[in-house]
Amino acid sequence: MVSRSNKVNPDLIRERQNCTFDTLELTHLLDGGIERTNDRKNRENFFLNDPELQSKVPSEYLSHKEKYEEAVKKAAIIFRKVQQLQNEGRGGMDNFREILGGQLGSAILKDGNPLTLHYVMFIPTLMGQGNVEQQAEWIQRAWSCDIIGTYAQTELGHGTFIRGLETTATYDPTTEEFVLNSPTITAYKWWPGGLGHSANYAVVVAQLYTLGKCYGIHPFIVQLRDEETHHPLPGIKIGEIGCKLGMNSTNNGYLGLENVRIPRKHMLMKNSQVLTDGTYVKSPSSKLTYGTMIFVRVVLVQDAATYLKKACTIATRYSAVRHQSQIKPDDPEPQIMDFLTQQYKLFPFISASFAFQYAATWLWNTYNNVTGELETGQLDNLPELHSTACALKAVSTADAARGIEILRLACGGHGYMTSSNLPSTYGLVTAMCTYEGENTVLLLQTARFLIKIWQNKQDIQNLPTVKYLETALTLNNPFEKSVKWIISALQQTAASKIDLANRHINDRVQAGQAYETAWNNTSIELVAVADIHGRTIIVETFYNTIQSLKGTVSPQLGTVLEQLLELYAVDTALKCSGDLLRFTALEGRHMVVLQAWMESLLAAIRPNAVGIVDSFDFRDEVLSSALGAYDGNVYERLLEEAQKSPLNEEPVNKSFDLYLKPFIKSNL
Ligand SMILES: Cc1cc2nc3c(=O)[nH]c(=O)nc-3n(C[C@H](O)[C@H](O)[C@H](O)COP(=O)(O)OP(=O)(O)OC[C@H]3O[C@@H](n4cnc5c(N)ncnc54)[C@H](O)[C@@H]3O)c2cc1C
């Protein structure tokens with residue numbers, strides 16, 4: 001068997017020598033400073049050097065059951081270590097962000113963590129929707145993992161349309177309890193992570209009935225399993241939903257409820273309440289329940305950026321060491337990265353990963369400001385935040401999933417190997433397009449906000465993400481080869497498309513259609529409206545971030561960042577060129593300028609491509625890829641990974657004697 005050398009591949013050495021900027025400077029910038037880089041590295045050492053968290057057998061070779069058991073074992077170790085860090089005052093939120101996201105988390109558990117929902121949904125829901133007494137009772141127990149929870153909203157019959165959920169919680173004033181039921185098969189909860197065999201509690205979303213009246217969906221804390229034996233409690237029908245495209249260790253579960261009684265105070269009552277006599281007290285604002293949903297969407301934009309960066313690192317390093325074909329007859333085989341089409345597969349996604357990271361940071365800050373205002377009863381900025389989070393989550397996860405697939409294809413056959421780690425990365429990211437709000441549905445929510453703003457333009461000045469709508473239609477904006485022009489052209493396009501969609505809704509209403517029908521009949525345009533609005537925000541945020549960094553980074557790095565910004569902007573313009581030709585001053589002859597600009601940017605980025613992805617500073621364990629390792633010893637690693645196949649443990653498999661030999665002989 002070939003043993004792997006410790007030498008770095010000479011192509012990668014040369015790429016690194018040719019890099020024009022200091023990769024460490026970019027690493028520190030992306031991490032948020034040298035101290036945060038050091039914290040991250042310490043955290044990586046703390047988790048990844050722990051032998052208990054290392055796998056002997058790649059998880060693909062385990063059975064479904066073994067995968068789950070291994071995942072629970074590691075999840076318990078991970079969170080024990082997180083608790084240790086928290087107790088020592090080390091790390092704070094970053095521990096959770098990295099453990100639960102695409103950085104450290106996916107290095108240790110490549111196909112999902114069964115305890116993620118506990119941290120990402122159960123605890124935030126207790127915090128966001130529990131009153132002070134409920135928080136006092138539950139949050140400490142949840143933080144210390146005395147109980148493990150999940151969030152059970154989706155049912156077999158309904159995901160998106162939550163008003164259609166069928167699980168019922170009927171108040172019984174005689175015992176001061178709620179009685180929970182799944183009246184039909186379609187009322188069974190379906191999908192919650194960790195629900196199958198990990199959680200012993202869940203926040204269950206159910207239709208609330210009291211004094212004979214239904215008050216719509218509300219959240220309830222339901223105990224699912226005995227805290228000692230872990231056996232399901234009476235009336236709880238529970239299990240795991242089975243194999244999926246990806247995320248096969250997250251233990252997604254189903255849940256049926258049959259006359260399950262819970263105390264009145266298990267209804268989460270920060271917003272609405274049911275009093276002991278059964279009187280329903282309405283929430284002061286239905287918008288107050290948005291908080292947790294928005295939080296997760298905000299986090300997903302960051303995750304989209306991280307996973308895309310990982311895929312870019314794998315495909316870019318591989319493209320530097322892989323040689324194939326010839327550009328000119330008799331030339332040696334070039335690095336595949338020297339094919340222009342290959343650069344076009346790689347570099348726009350490198351630039352997109354920067355765009356998404358900066359959008360995520362901006363969205364996170366906006367989220368914190370707006371939720372701070374909520375605490376003081378100020379709700380004015382919530383609809384805009386909701387609309388923006390919907391659009392950015394949809395655009396970033398869709399583009400990241402598409403990008404990872406293109407990056408996988410960019411690695412040819414070897415990208416199809418699970419040892420490239422591109423298939424499971426795709427599995428994790430494409431799921432993000434569906435959960436926490438299905439992307440089309442989210443874009444339609446953004447569109448609803450935009451149409452409302454368009455119909456009623458007062459106070460728009462105070463809404464930063466839509467302020468442009470005031471003037472964008474009347475702009476006289478001759479073509480210019482600049483990012484600023486692209487931003488204003490995207491704004492003009494978004495405004496024109498909103499105007500057009502609005503007119504089409506009105507035309508349909510005038511022709512006799514109900515508003516809702518007219519909305520549905522215009523929804524292809526409405527989705528496109530929200531999509532371009534989201535892209536406009538992302539390009540503008542990227543531009544603003546690079547402007548704010550000017551003078552704070554070295555000129556060499558400044559140049560690279562400017563090139564990435566320009567590439568993201570021009571690539572967006574080219575992809576939206578049909579719309580830009582239709583709604584802005586862009587003409588056919590300008591398309592030639594945009595195309596040449598894009599090609600010149602590919603050429604400019606080429607010498608730094610490996611340097612840029614090196615700056616993402618993913619440890620090999622985090623990349624988990626035979627194609628993407630720092631040393632570039634791709635072929636040795638592929639062979640080494642192949643040896644881990646259980647089929648290779650013996651020279652002749654028993655199926656030969658059992659089936660193949662009789663078959664061959666029978667053909668004689
Ligand atoms: C990996 C994974 C993990 C999950 N984890 C959880 C969890 O922990 N807890 C939980 O409660 N749920 C969870 N879910 C469920 C998830 O939230 C739902 O799948 C999601 O909300 C979409 O709902 P749906 O599956 O019912 O799809 P549907 O709503 O049935 O969507 C199917 C199609 O209909 C379209 N559609 C639906 N409504 C509209 C509309 N109004 N306008 C236009 N088109 C529409 C959609 O665009 C889509 O194309 C998870 C799902 C996945 C895939």
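In listed order, ligands and their atoms are each counted from 1.
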Modelled atom types, side-chain donor and acceptor of S249 and K74, under 3.5 Å: no
Polar side chain donor-acceptor pair, H118 to Y201, under 3.5 angstrom: no
Numbered atoms and elements of ligand 1 in range of [X], under 4.0 angstrom, heavy atoms:
X    : answer
M247 : 1 (C)
L117 : 8 (O)
L444 : 42 (N), 43 (C)
N252 : 3 (C)
Q153 : 11 (O)

Mutual orientation of the aromatic rings belonging to F295 and Y367 [parallel < 30°, tilted 30-60°, perpendicular > 60°]: tilted
Could you identify the single nearest non-hydrogen protein atom to [atom] and state the distance to 0.1 Å?
atom                    : value
atom 49 (O) of ligand 1 : E438 OE2, 4.0 Å
atom 24 (P) of ligand 1 : G159 CA, 3.9 Å
atom 30 (O) of ligand 1 : T160 OG1, 4.9 Å
atom 7 (C) of ligand 1  : P192 CA, 3.3 Å
atom 36 (N) of ligand 1 : V441 CG2, 4.0 Å
atom 20 (C) of ligand 1 : T434 O, 3.4 Å
atom 18 (C) of ligand 1 : T154 OG1, 4.0 Å

OH (Y416) with more than 12 external heavy atoms under 6.0 Å: no
Test applied, side chain to side chain contact (heavy atoms under 4.5 Å, CB included); reference residue, F356; option that passes from D399, D303, T306: D399
Under 4.0 Å from [atom], is there any protein heavy atom?
atom                    : result
atom 32 (C) of ligand 1 : no
atom 14 (N) of ligand 1 : yes
atom 42 (N) of ligand 1 : yes

K244 contact mode with ligand 1 (heavy-atom cut-off under 4.0 Å): neither
4.5 Å side-chain heavy-atom contact, L500 and R582: yes
Heavy-atom side-chain proximity of F122 to I147 below 4.5 angstrom: yes
Check: P383 main-chain N/O paired with S387 side-chain donor or acceptor under 3.5 Å: no
Check: R508 side chain, N521 main-chain N or O, donor-acceptor pair, under 3.5 Å: yes
Atom of S198, atom of P114 and distance for their closest heavy-atom approach: OG-CB, 3.5 Å
Option nearest atom 9 (N) of ligand 1 (shortest heavy-atom distance, choices W191, Y151, F122): Y151
Polar proximity ligand 1 side, A431 side, N/O cut 3.5 Å exclusive: no
Ring centre gap for F79 and Y119 strictly below 6.0 Å: yes
